[in-house]
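Excluded from the calculations below are hydrogen atoms, water molecules and symmetry mates; all remaining heavy atoms, backbone and side chain alike, are included.
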Amino acid sequence: GYMAPEVIDGNRGSIASDLFSFGVLAFWLLTGQLPFSGETPQGLIRSMMEGKRHKLSAFAPHLHPRLLQIIEMCLAQNPEDRPST
């Protein structure tokens with residue numbers, strides 16, 4: 001549940017994929033849930049590959065908007081849409 005979609009797809013890991021994993025971990029630490037869900041491991045992978053995830057703001061609306069934005073950016077489906085550092 002922490003692996004970036006591009007890594008699941010067989011590509012090499014990168015800083016962008018590490019940031020994705022950080023976003024998943026941060027989401028979990030702040031909410032107690034993973035941002036992606038599925039009834040089976042295959043369902044979980046499918047939701048990750050399709051970018052179907054829960055919105056952090058729905059589970060933790062009390063967080064500062066900038067923190068929400070950073071974590072959401074880390075969880076971007078496309079590695080180029082994630083922060084560069």
Side-chain angles (χ1 to χ4, degrees):
Y2 295 85
M3 195 178 296
E6 63 274 13
V7 176
I8 292 172
D9 207 26
N11 296 308
R12 273 191 102 135
S14 66
I15 292 171
S17 57
D18 289 344
L19 286 170
F20 181 90
S21 296
F22 166 78
V24 174
L25 179 62
F27 192 106
W28 179 78
L29 288 171
L30 293 167
T31 67
Q33 299 185 57
L34 292 174
F36 301 92
S37 59
E39 293 185 24
T40 64
Q42 294 84 359
L44 174 63
I45 290 171
R46 185 174 22 262
S47 71
M48 292 175 75
M49 295 301 291
E50 294 174 355
K52 295 181 180 176
R53 64 181 167 82
H54 306 291
K55 293 292 182 190
L56 180 57
S57 59
F59 292 98
H62 61 283
L63 294 176
H64 190 279
R66 182 66 179 139
L67 179 59
L68 290 169
Q69 180 185 27
I70 290 168
I71 295 170
E72 293 285 342
M73 287 172 57
C74 287
L75 292 170
Q77 183 72 13
N78 187 343
E80 289 82 30
D81 294 336
R82 297 180 201 141
S84 60
T85 60

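Leu67 and Leu75 fall within the same hydrophobic cluster, defined by Ile, Leu, Val, Met, Phe, Trp and Tyr side-chain heavy atoms under 4.5 Å apart, directly or through other members. At a threshold of 4.5 Å between side-chain heavy atoms, the hydrophobic network of Ile, Leu, Val, Met, Phe, Trp and Tyr places Ile8 and Leu25 in one connected group. Taking hydrophobic clusters as Ile, Leu, Val, Met, Phe, Trp and Tyr residues chained together by side-chain heavy-atom distances below 4.5 Å, Leu19 does not share a cluster with Tyr2. Hydrophobic clustering, with ILVMFWY side chains joined whenever heavy atoms are under 4.5 angstrom apart, groups Phe36 together with Met49. Under the 4.5 Å side-chain heavy-atom criterion for ILVMFWY residues, no single connected hydrophobic cluster contains both Ile70 and Leu29.
The structure places CG of Asp9 at 12.0 Å from CE of Met48, a figure rounded to the nearest 0.5 Å. Atom CD of residue Glu6 and atom CZ of residue Arg12 lie 13.5 Å apart, to the nearest 0.5 angstrom. The OG atom of Ser47 lies 11.0 Å from the CD atom of Glu39; values are rounded to the nearest 0.5 Å.
A pairwise comparison of heavy atoms in His54 and Phe27 identifies O-CE1, 3.6 Å as the closest pair. Between Thr31 and Leu56, the shortest heavy-atom distance links the atoms CG2-CD1, 3.6 Å. What you find for Asp81 and Ala76 is that their closest heavy atoms are CB-CB, 3.7 Å. Listed here is the closest heavy atom pair of Gly1 and Val24: O-CG1, 3.4 Å. Taking each heavy atom of Ala26 and Ile71 in turn, the nearest pair found is CB-CD1, 3.9 Å. Among all heavy-atom pairs drawn from Phe22 and Cys74, the shortest one is CD2-SG, 4.0 Å.
The neighbour count for Ile15 CD1, taken as heavy atoms of other residues, nucleotides or ligands under 6.0 Å away, does not exceed 12.
Between Glu72 and Arg53 there is a salt bridge, since a side-chain N of the basic residue sits under 4.0 Å from a carboxylate O of the acidic one.
Between the side chain of Gln33 and the backbone N or O of Trp28 there is no donor-acceptor pair closer than 3.5 Å.
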